[in-house]
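Note sheet for the following structure.
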Amino acid sequence: MEAIKQEIELVLRRLLAERYSEAPERVAVEYPPRPGMGDLASPVAFELARRLRRAPRAIAQELAAAFPALAGVARVEAGGAGYLNLYLDRGAAARGLARELSAPPPAPSGDTILVEHTNINPNKAAHIGHLRNAVLGDGLARALRFLGHRVEVQNYIDDTGVQVADVLIGWSEMRQRPLAESRAFEGRIDHHLWDLYAQVTEWYAQDPSRRDLRAAYLKKLEEGTGEVAREAAHLTRRVVRRHLETMARIDVRYDLLPWESDILAFRFWESAFDLLRERGAVKRLESGERAGCWVMALEGPAFESLKEGEKIIVRSNGTVTYVGKDIAYQLWKFGLLARDFRYEVFLQDPDGHRVWSTTRGPGVDPHPRFGGAARVYNVIDVRQAYLQAIVVEGLKALGHAGQAERSVHFSYEMVALTPKSAATLGLSLSDEERSRPYIEMSGRRGLGVKADDLLDALERQALAEVQARHPHLGAGEAAALARLISNGALRYFMIKYTRNKVLAFDFDEALAFEGETGPYLQYAVVRANSIFEKQAASGGPDEAQAARWALEADFDLPPGEAAEEHWTLLMEAARFRETVAQAVETLELSHIAKFAFGLAQRFNTFYHKYPVIKEPDARWKRARVVLTYLFRSQMRRALELMGIAVPPRM
RNA sequence: GCGCCUGUAGCUCAGGGGACAGAGCAACGGCCUUCUAAGCCGUGGGUCAGGGGUUCGAAUCCCCUCAGGCGCGCCA
């Protein structure tokens, strides 16, 4: 579809230059809102009207009259108040689109694009906010790969932070149990720590002096030796394995797990600090409240509220802040740090995909090349916008303007609880909280919906639906279907909202399988599959035949009223690639979701109105087979980008 | 205080300079001897928070106001 649009734009540019000596930066070619306004349209005459001081309608008429013969374009008319409406030669255009859509997407090539997402602190279970992060990050990675980029996915593990110290303190100081005993715990350790973390917070509140324990634990963590560090390493690795299990349930995978403790061990920060000092990007304060701190000066409206216009990077006690470590990590991602990690395989998925991890151990050689990316996407919720901006300022201060430009904060709004859903969970809220539109989740308070619990609930619900429809199905098969369907529901739910809207979590909406949901999309493809299965069984044109007809553009559109609906289904399907490109450009993956839903709706209408198998006329049957095939192929691609699988039946 | 985001149908949300503002849910009414009813068709439902401006044209851009949320630490 993009090919013909570009040709039209080219023709219009030439026309504008020749007739009006105009060379606008962009000549829009868009899709008209209603049939009867052509297949494509351009509002270019409106733009010209002002500069030429003439009526847009008259200009559109001139352009229409002067529009040269162009393959695929049947006629051009002025429409509305001054639109240029283009009518395609639909038979020829449909055949062109069929060939275009039959081509496979490009193989990944070129520079690496790095996507960092998930990043769950390894001290508790993943919650629904992490699901939104992972679904968006994984969706972005898939979309980039589809567009032909080489993509590396990293899941950064902050294993040296105060939250990890808190659960260690909870175990050994609050409970008075040896840390090593945690190894004997059976079951979902992350869920257990979820509660422990909330308990420690309570315990601190009862006697705030207990918080003083943190400093000692943090020190032991950062030193990386001794019992606390050893048990912490064991515990956090176990928690991370659990997080990966949770994410595997929704088909989210990673290439590398960089550990913060390794960033410290490999002295990434020292290296970055040298660079920052050499460039004068940080300076040491000699007097005042902040004497002894190394700070970075920041200007601009975004930093207006900053104290003294400076951000502390190194504390007066010599330790580096979170932002400092992040600057070092970001430098490494771009290959701008003269250091690297050692690597080992963390685990291997059943399909052979390997998740690598940084390590202080001997490491494995050879290993894939990590980092050194040309472009970096950090998928983090909007509350981190300020810190992400500081990291970018750090790159600029070091003279890496290009990399700063290509450091993208993929920000999205948080997932929060409605007071209703909090009540469902039996969580205790203050009166003030109950009056709010939504309540922020809090790991410290244990306030939230655990990802596994939501996935469990979805699977139960999906299983009930499957059993109601297919009572004779074996338990294993029914459970497998339920998993695919519940994953479809979850993935779609997390991707359908625009990213800068708070997702106020509601159980009823999350557990829906009808209407604008993942299962609706899956169902449309299952129906298309079923047509091909039935055809193959009865000796009609099967999938392979459909693929040949599409590739060789060997079909005609039917005449009459049906023509419109056949054509629009194909036209809509053909917009997939540009939808993905637009989604990546705007970082708005909901475009892909909306596209898929609209396409499924169109197919369902088509399916209902135009039976394929029973069509007596071989020519029109062929058209329907080809359209069903092309719909399905685009829809499958769309679902794959969203990480949604197609169940064998529903 | 400064910065960012949000406000569109009863609810949850699309649309973010262009043609008559859309979808899902909910409500109501139809459609299963016809490729799977997790579906399809139809009905009702709107001061696009409010006010001013820019424009041939504003839900969309600018300014102000109101309401809600988030961020601004020698936490991560």
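In what follows, chains are A, B, ... by sequence order, proteins preceding strands, each numbered from 1. These figures come from a predicted structure and were not determined experimentally.
Contact annotation: side chain of A:Ser530 to base of B:rC35, donor-acceptor pair absent below 3.5 Å.
In this structure, A:His409 reaches neither bases nor backbone, as no heavy-atom distance under 4.0 Å exists between it and the strands shown. As judged by a 4.0 angstrom heavy-atom cut-off over every strand, A:Pro611 is placed among the base-contacting residues.
Comparing B:rG22 with B:rC75, their C1' atoms sit 45 Å apart, to the nearest whole Å. Nucleotides B:rC40 and B:rU8, compared at atom C1', are 28 Å apart to the nearest Å. The gap from the C1' atom of B:rU60 to that of B:rG45 amounts to 24 Å, rounded to the nearest Å. Across the C1' atoms, B:rG57 and B:rG16 are found 16 Å apart, a figure rounded to whole Å. Using C1' as the reference atom, B:rC32 and B:rC13 are 32 Å apart when rounded to the nearest Å. Separating the C1' atom of B:rG69 from that of B:rU54 is a span of 30 Å, rounded to the nearest Å. Taking atom C1' in both B:rA59 and B:rG17, one finds a spacing of 11 Å when rounded to whole Å. With P as the reference atom, B:rG29 and B:rU34 are 25 Å apart, rounded to whole Å.
Between the NZ atom of A:Lys534 and the P atom of B:rC35 there is a distance of 7 Å, rounded to whole Å. Here B:rG73 presents its P atom at 9 Å from CG of A:Leu387, a figure rounded to the nearest Å. Separating the CZ atom of A:Phe603 from the P atom of B:rC40 is a distance of 11 Å, rounded to the nearest angstrom. One interatomic measurement links the two molecules: CG of A:Leu213 to C1' of B:rC75, which rounds to 17 Å at whole-angstrom precision. As a whole-Å value, the separation of A:Ile312 CD1 from B:rC75 C1' is 12 Å. The interatomic distance linking A:Arg214 (CZ) with B:rG73 (P) rounds to 18 Å, in whole Å. Between A:Leu221 atom CG and B:rA76 atom C1' the separation is 13 Å, expressed in whole Å. Spacing between atom CG of A:Asp158 and atom P of B:rC75 amounts to 14 Å, rounded to whole angstrom units.
For A:Lys534, the side-chain contact (heavy atoms from CB on, under 4.5 Å) partners are A:Ser530, A:Ile613, not counting sequence neighbours. Taking the side-chain contact (heavy atoms from CB on, under 4.5 Å) definition, one finds that A:Ala462 meets it with A:Ala482, A:Ile485, A:Ser486, A:Phe513, sequence neighbours left out. Under the salt bridge (Lys or Arg N to Asp or Glu O under 4.0 Å) criterion, A:Lys420 pairs with A:Asp506, A:Asp508, not counting sequence neighbours. Here A:Arg54 pairs with A:Glu62 under the salt bridge (Lys or Arg N to Asp or Glu O under 4.0 Å) rule; sequence neighbours left out. The ring pair (Phe, Tyr, Trp, His ring centres under 6.0 Å) search around A:Tyr412 returns none, not counting sequence neighbours. Scored by the salt bridge (Lys or Arg N to Asp or Glu O under 4.0 Å) test, A:Arg284 finds A:Glu286 as partners (sequence neighbours excluded). Under the rule for a side-chain contact (heavy atoms from CB on, under 4.5 Å), A:Ala302 has no partner lying at least two apart in sequence or in another chain.
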N/O to N/O distances under 3.5 Å, protein versus nucleotides 19-26 of chain B:
| unit_1 | atom_1 | unit_2 | atom_2 | d |
| --- | --- | --- | --- | --- |
| B:rA19 | O2' | A:Arg34 | NH2 | 3.0 |
| B:rA19 | N1 | A:Asn85 | OD1 | 3.2 |
| B:rC20 | N4 | A:Arg34 | NE | 2.6 |
| B:rA23 | O3' | A:Gln601 | NE2 | 3.4 |
| B:rG24 | OP1 | A:Gln601 | NE2 | 3.4 |
| B:rG24 | O2' | A:Glu516 | N | 3.3 |

N/O-N/O pairs, protein side and nucleotides 4-6 of chain B side, under 3.5 Å:
| unit_1 | atom_1 | unit_2 | atom_2 | d |
| --- | --- | --- | --- | --- |
| B:rC5 | O2' | A:Asn500 | O | 3.2 |
| B:rU6 | OP1 | A:Asn500 | ND2 | 3.2 |

Give me the distances for all protein-to-nucleotides 44-46 of chain B N/O pairs that come in under 3.5 Å?
none

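Counted within 6.0 Å of CD on A:Glu47, heavy atoms from surrounding residues, nucleotides or ligands total 12 or fewer; the atom is thus considered open. In the displayed structure, A:Lys5 atom NZ is contacted under 6.0 Å by more than 12 heavy atoms of other residues, nucleotides or ligands.
The salt bridge (charged side-chain N to carboxylate O under 4.0 Å, His left out) analysis of residues 27-40 of chain A, with sequence neighbours excluded, yields the pairs A:Asp39-A:Arg90.
By the 4.0 Å N-to-carboxylate-O rule, A:Arg632 lies close enough to A:Glu543 to be salt-bridged with it. A salt bridge links A:Glu440 and A:Arg383; the closest N-O separation between the charged side-chain nitrogens and carboxylate oxygens is under 4.0 Å.
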If pairs are Watson-Crick or G-U with both distances under 3.5 Å, what is the dot-bracket string of RNA chain B, marking crossing pairs with [ ] and pairs to another strand with |? ((((((((.[[[[.)..(...]]]].(((((.......))))).....[[[[[..)....]]]]])))))))....
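Ranked by how close their nearest RNA chain B nucleotide is to the 5' end, A:Lys311 and A:Ile485 are led by A:Ile485. Nucleotides of RNA chain B nearest to A:Glu465 and A:Gly288 differ in position, and the one nearer the 5' end is that of A:Glu465.
Aromatic pair A:Tyr329/A:Tyr156: ring centres closer than 6.0 Å. A centroid separation of less than 6.0 Å is found between the aromatic rings of A:His566 and A:Tyr610.
Because its glycosidic torsion is within 90° of 0, B:rC32 is reported here as syn.
The closest side-chain heavy-atom distance from A:Phe268 to A:Val320 is not below 4.5 Å.
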